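To start, the structure under review is shown below, and the notes come after it.
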Amino acid sequence: MKTIAVSIVTPDGQVFDGEAEMVIAKAQSGELGILPGHVAMVAPLAIGSVRIKNKNETEYVAVSGGFLEVQPKKVTILAQSAERAEDIDVDRALRAKQRAEERLKQAKQEHIDFKRAELALKRAINRIEVANMVRK
Ligand code: ATP
């Protein structure tokens with residue numbers, strides 16, 4: 001089967017570098033499925049999972065927003081942060097989720113940064129969900 005090169009890069013370095021028969025990512029406009037030969041494009045990403053399918057195996061990566069660039073032979077994801085499912089510290093994500101939920105409760109009374117807490121909550125929930133994709 002034809003494949004497309006996939007690279008996921010963050011400010012801390014490269015998180016994934018490999019080949020895929022298909023890449024599924026969560027753009028802000030909705031889920032995108034990319035096959036080899038896809039038309040060139042750039043799309044902003046949502047907080048979500050990237051699924052990289054190759055030879056009946058799927059690699060799951062949690063991504064906290066950024067950009068996806070497609071060229072016919074290469075998909076590049078530039079992410080604010082990204083972790084492979086097996087590298088996710090679930091306890092840390094659970095603690096982050098709890099902290100964010102507490103901040104959101106306070107935010108209603110004190111008008112502290114609601115949006116920031118909401119994004120932290122989304123990142124934590126996404127990490128927990130992506131970790132569960134391989135641990136079920
Ligand atoms: P926390 O409050 O736990 O730091 P956060 O959502 O604020 O969570 P980020 O700012 O998105 O964290 O990420 C900071 C760095 O820590 C990034 O390199 C990211 O990949 C890593 N990271 C964050 N949470 C986890 C986790 N649960 N497991 C593994 N790496 C994580």
Side-chain angles (χ1 to χ4, degrees):
M1 243 177 132
K2 275 192 183 172
T3 60
I4 187 164
V6 183
S7 173
I8 302 180
V9 183
T10 75
D12 298 328
Q14 191 153 44
V15 172
F16 184 91
D17 185 30
E19 292 288 320
E21 288 163 0
M22 177 155 88
V23 180
I24 300 164
K26 195 175 173 197
Q28 284 179 12
S29 56
E31 195 136 280
L32 282 178
I34 298 139
L35 297 168
H38 193 288
V39 62
M41 64 172 267
V42 174
L45 289 176
I47 295 170
S49 66
V50 173
R51 281 165 280 165
I52 302 154
K53 299 191 173 186
N54 200 18
K55 296 191 182 114
N56 295 326
E57 286 191 4
T58 304
E59 182 86 43
Y60 298 91
V61 181
V63 169
S64 300
F67 285 93
L68 169 127
E69 185 200 28
V70 184
Q71 294 166 305
K73 291 184 178 174
K74 188 165 173 93
V75 178
T76 307
I77 289 171
L78 301 172
Q80 269 124 36
S81 72
E83 306 86 36
R84 287 173 181 243
E86 56 272 24
D87 294 332
I88 292 172
D89 179 339
V90 176
D91 287 341
R92 176 174 167 179
L94 286 167
R95 289 195 300 272
K97 177 173 177 278
Q98 199 172 4
R99 267 198 316 276
E101 283 167 346
E102 278 158 19
R103 279 195 207 116
L104 284 172
K105 273 189 226 151
Q106 287 175 14
K108 282 185 193 147
Q109 296 150 16
E110 297 166 24
H111 303 289
I112 64 167
D113 203 336
F114 192 86
K115 191 73 199 164
R116 192 171 155 189
E118 211 173 40
L119 289 171
L121 180 61
K122 279 190 183 165
R123 289 196 299 275
I125 290 171
N126 182 44
R127 287 177 176 128
I128 294 162
E129 284 178 355
V130 171
N132 279 338
M133 287 173 184
V134 293
R135 281 165 216 184
K136 263 179 193 158

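Just follow the structure's listing: the first ligand is 1, and inside any ligand the first atom is 1. In this text the structure is predicted, and so the values were computed from the model without any measurement. For the single chain, residues carry numbers from 1 onward in sequence order.
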Original post:
Say you draw a straight line from CD1 of Ile4 to CG of Asn54; how long is it, rounded to the nearest 0.5 Å?
Top reply: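 The CG atom of Asn54 is 11.5 Å from CD1 of Ile4, to the nearest 0.5 Å.
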Original post:
With hydrogens left out, which residues have an atom under 4.0 Å from ligand 1, given that only heavy atoms count?
Top reply: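 Heavy-atom contacts below 4.0 Å: Asp12, Ser81, Glu83, Asp87, Ile88, Asp89, Arg92, Ala93, Ala96, Arg99, Arg123, Arg127.
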Original post:
When you look at Glu19 and Lys74, which way does the salt bridge (Lys or Arg N to Asp or Glu O under 4.0 Å) test go after all the steps?
Top reply: CA-CA 9 Å; Glu19 292 288 320; Lys74 188 165 173 93; over 6 Å; no
Subject >> Heavy atoms from other residues, nucleotides or ligands near CD of Glu86 exceed 12 (cutoff 6.0 Å) >> reply: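 Enclosed.
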Look at [X] together with [Y] and state whether they make a salt bridge at an N to O cut-off of under 4.0 Å.
X	Y	answer
Lys53	Glu57	no
Arg99	Glu102	no
Glu59	Arg84	yes

